[in-house]
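Here the structure is laid out as structure tokens; the discussion comes afterwards.
Chain identifiers are assigned alphabetically (A, B, ...) following the order of the sequence lines, protein sequences preceding nucleic acid strands; residue numbering begins at 1 within each chain. Note: hydrogens, waters and symmetry copies are ignored here, and every other heavy atom, side chains too, is used.
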Amino acid sequence: GDSVTQMEGPVTLSEEAFLTINCTYTATGYPSLFWYVQYPGEGLQLLLKATKADDKGSNKGFEATYRKETTSFHLEKGSVQVSDSAVYFCALYDYGQNFVFGPGTRLSVLP
Amino acid sequence: EAQVTQNPRYLITVTGKKLTVTCSQNMNHEYMSWYRQDPGLGLRQIYYSMNVEVTDKGDVPEGYKVSRKEKRNFPLILESPSPNQTSLYFCASSYSPRDEQFFGPGTRLTVL
């Protein structure tokens, strides 16, 4: 079945550092790809998404590009803030299949 | 305010005692879903519903039941809870699975 693999955390960065969280996927069809974020004690919120190859999703300074050739959807941000500390989940939906989340990557940003 | 509500938020129960976790959304969404979140495993889909009276199994449906009699409600039923169902549960809704899912605040369940 479909699956999502994310880099293991936790990731600890200093404020204003560059962030990359790797995500790769396995799917039989043409999935939509998502990044969700979970702040402490809350439910998940959509951060960005992409629905087809070469699409770039972006929001709040975060970006991710749908790379079909490498089956990847890596999350990047040029300058992280303390308020970005959260757990980040890569996810996919393939038509007719279950919705699949990766295991999550915890990010801690230090002032 | 557009939202997904879940009740209860916290529940401690004993093995075998039937329980229901309610989920309601006010956004007229067709797609609703239940997930459980466990450390190191991310979120795993339990059941989902594409519309009223249409439900389907997710990746981990064993020990759970759902129903979708009305568009806004999607209760999760544990007929005979066991300790391995101790987890954090989230309900979510969206217009379709390719659209943004809105999540409830979560229900932390402990089965003793």
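Using a 4.5 Å cut-off between heavy atoms, B:Gln37 contacts chain A through its side chain alone, with no backbone atom that close. Of the two parts of B:Tyr31, only the side chain, counted from C-beta on, holds a non-hydrogen atom closer than 4.5 Å to a non-hydrogen atom of chain A. For B:Leu41, the part lying under 4.5 angstrom from a heavy atom of chain A is the backbone only. When heavy atoms are compared at a cutoff of 4.5 Å, B:Phe102 does not approach chain A at all. With a 4.5 angstrom heavy-atom cutoff, A:Gln6 does not touch chain B via any of its atoms. The contact between A:Phe89 and chain B is made entirely by side chain atoms (from C-beta outward), counting heavy-atom distances below 4.5 Å. Using a 4.5 Å cut-off between heavy atoms, A:Phe34 touches chain B through its side chain atoms alone.
Using bins of under 30°, 30° to 60° and over 60° for the plane-to-plane angle, the ring pair A:Tyr93/A:Phe99 lands in the parallel bin.
Crowding of A:Tyr95 atom OH: a count of heavy atoms from other residues, nucleotides or ligands under 6.0 Å not exceeding 12.
Salt-bridge annotation for A:Lys77 and A:Glu63: absent, with no side-chain N of the basic residue lying under 4.0 Å from a carboxylate O of the acidic one.
Remark: the B:Glu100 side chain and the B:Ser94 side chain contain no N/O donor-acceptor pair separated by less than 3.5 Å. A donor-acceptor pair shorter than 3.5 Å cannot be found between the side chains of B:Thr55 and B:Arg68. Residues B:Glu70 and B:Asn73 bring a donor and an acceptor atom of their side chains to less than 3.5 Å of each other.
Contact count against chain B (heavy-atom pairs under 4.5 Å) is highest for A:Gly102 among A:Gly1, A:Gly102, A:Gly104, A:Gly9. Interface check for chain B: of the options A:Lys49, A:Gln97, A:Glu42, the most heavy-atom pairs under 4.5 Å are formed by A:Lys49.
Taking all atoms of both residues into account, the shortest heavy-atom contact from B:Val4 to B:Gln25 is CG2-CB, 4.1 Å.
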